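Only a predicted model underlies this, so the values are computations on that prediction, with no experimental measurement involved.
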Amino acid sequence: MAVRVFVAGGTGVIGRRLVPQLVARGHQVTATTTSPARLGLLRELGAEGVVMDGLDAVAVGETVAAARPDVIVNQMTGLSEPHAGRPSLRNPDRFFAATNRLRTEGTDHLLAAAEATSVTGFVAQSAGIFNGTRQGGLIKTEDDPLEAVSPAAETGTRAIRHLEDVVGQAGGAVLRYGSLYGPGAIDDQVKLVRRRMFPLVGGGTGYFSWVHLDDAASATVLAVEQRASGVFNIVDDEPAPVSDWLPYLAACAGARPPRRMPRWLARLIAGDMVVGMMTEGRGFSNAKAKRELGWQLRYPSWRQGFKNELALSLAR
């Protein structure tokens, strides 16, 4: 059954893949952007575009009320250079400042708007990349708590916990996306890999989970249509250590193998968060999403996905 879907953050890397999938399924989509210059893009994707500041409670309430949605999807982040500055994990509090506010204040504003307009469907973006608890095994389920890989990442982890708590209390669905790749998602990382400025830290023993943008979007469509509730890990089938995926990414990008860097030097140059995620990260299992949502991945492994995406990039 077609529904009215309100996508907050429709021009981000996921939003640009999600909106067309929703439209193709017959849903009526209203999608937001912070820039009037991007309204044309939303029209091209098939949505009614509106400008909205996700941190302005009054604007959020008015925009949601005008759209009269059945389901709200929160894809708001502030990771683009105009919002976050140049990509840097040395000072994550600065780089993720806008995103942390959107995950806390912005989520609260959307939930308040949902309650005020009797919207019962709510789906929110979370993250399950390398940030699972380091107690126990290397691969985590939805029942395992999230944990910052370093003290520097604690603010961001608290923001994610807040989002998961309030959305869960409201009966919504939380989608813990893995590290996203696909059109526009890892361009900065690939540039560093090609310049051999993305080193393998320590033994590269930290585990990551990845997911292609189109697979993340298809899982989100399922959560919308099924009015899902609870937490779901939206990751591919192959959580893997950095020592596996980083050299493979370099090979797919036509680059030389990554340099190696000891932990102490990486800590001085890149900071504690980078060292933590590359040496102590924990991956995530997608069994629940596949079982309960009936999710089928186009790219079950980052191996296939990296090869395909980087081949397309080289062709362009």
Side-chain angles (χ1 to χ4, degrees), residues 5-19 21-22 29-39 41-42 45 47-67 69 71-85 87 92-117 119 121-129 155-168 170 172-177 179-180 184-185 213 216-217 219-221 223-224 231 234:
V5 185
F6 183 91
V7 179
T11 56
V13 291
I14 296 183
R16 294 196 300 268
R17 314 302 286 190
L18 172 62
V19 169
Q21 288 195 29
L22 288 167
V29 181
T30 299
T32 76
T33 176
T34 57
S35 170
R38 311 207 79 180
L39 290 173
L41 170 61
L42 290 173
L45 296 176
E48 178 181 349
V50 291
V51 176
M52 185 187 81
D53 177 357
L55 296 176
D56 183 332
V58 174
V60 172
E62 292 175 349
T63 306
V64 170
V71 182
I72 293 173
V73 180
N74 180 9
Q75 297 288 356
M76 296 189 298
T77 61
L79 297 175
S80 63
E81 194 161 327
H83 295 287
D93 282 353
R94 179 194 61 77
F95 181 66
F96 290 106
T99 295
N100 291 340
R101 289 191 66 196
L102 288 166
R103 283 176 170 160
T104 52
E105 299 168 46
T107 300
D108 289 347
H109 298 334
L110 284 172
L111 285 170
E115 183 177 8
T117 53
V119 176
F122 200 97
V123 179
Q125 173 190 147
S126 183
I129 303 172
T155 300
T157 301
R158 284 199 301 269
I160 291 173
R161 289 190 191 118
H162 173 88
L163 178 148
E164 294 196 353
D165 287 346
V166 295
V167 173
V174 170
L175 305 184
R176 289 179 177 170
Y177 298 132
S179 190
L180 297 163
L213 290 170
T220 308
V221 172
V224 167
V231 178
I234 306 302

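Interatomic distance, Thr11 OG1 to Arg16 CZ, rounded to the nearest 0.5 Å: 7.0 Å. From Asp56, atom CG reaches atom CD of Glu105 across 11.0 Å, with rounding to the nearest 0.5 Å. Note that CZ of Phe96 and OG1 of Thr77 are 10.0 Å apart. Values are rounded to the nearest 0.5 Å. From Thr220, atom OG1 reaches atom CD1 of Ile234 across 7.0 Å, with rounding to the nearest 0.5 Å. One distance of note links CG of Asp165 with OG1 of Thr107; it measures 11.5 Å at 0.5 Å rounding. We find the CD1-OG1 distance between Ile72 and Thr117 to be 5.5 Å, quoted to the nearest 0.5 Å.
The side chain to side chain contact (heavy atoms under 4.5 Å, CB included) with Val29 is formed by just one residue from the set Leu42, Val73, Val7; it is Val7. Of the candidates Glu164, Arg176, Arg103, Ser126 forms a side chain to side chain donor-acceptor pair (under 3.5 Å) with just one, namely Glu164.
Looking only at distances, a side-chain donor or acceptor of Thr32 sits under 3.5 Å from a matching main-chain atom of Gly9. Between the side chain of Thr104 and the main chain of Arg101, a donor-acceptor pair closer than 3.5 Å is present.
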Chi angles and distances behind the side chain to side chain contact (heavy atoms under 4.5 Å, CB included) call for Val221, Leu18
CA-CA 7 Å; Val221 172; Leu18 172 62; 3.8 Å; yes
Let me see the working for Thr155 and Arg158 under side chain to side chain contact (heavy atoms under 4.5 Å, CB included), right down to the final yes or no.
CA-CA 5 Å; Thr155 300; Arg158 284 199 301 269; 3.5 Å; yes
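Side-chain atoms of Ile14 and Leu213, non-hydrogen and from C-beta on, do get closer than 4.5 Å to each other. Considering only heavy atoms from C-beta on, Gln125 stays 4.5 Å or farther from Leu175 through its side chain.
In terms of heavy atoms, Ala31 sits closest to Ala47 at CB-CB, 4.0 Å. Closest approach of Gly10 and Leu45 over heavy atoms only: O-CD1, 4.4 Å. Annotation for Met76 and Gly54: closest pair SD-CA, 3.7 Å, computed over non-hydrogen atoms. The minimum heavy-atom distance between Leu39 and Val50, with the atom names listed, is CD2-N, 3.6 Å. Closest approach of Ala124 and Val167 over heavy atoms only: CB-CG2, 3.9 Å. Closest non-hydrogen pair, Pro69 versus Val64, comes out as CD-O, 3.3 Å.
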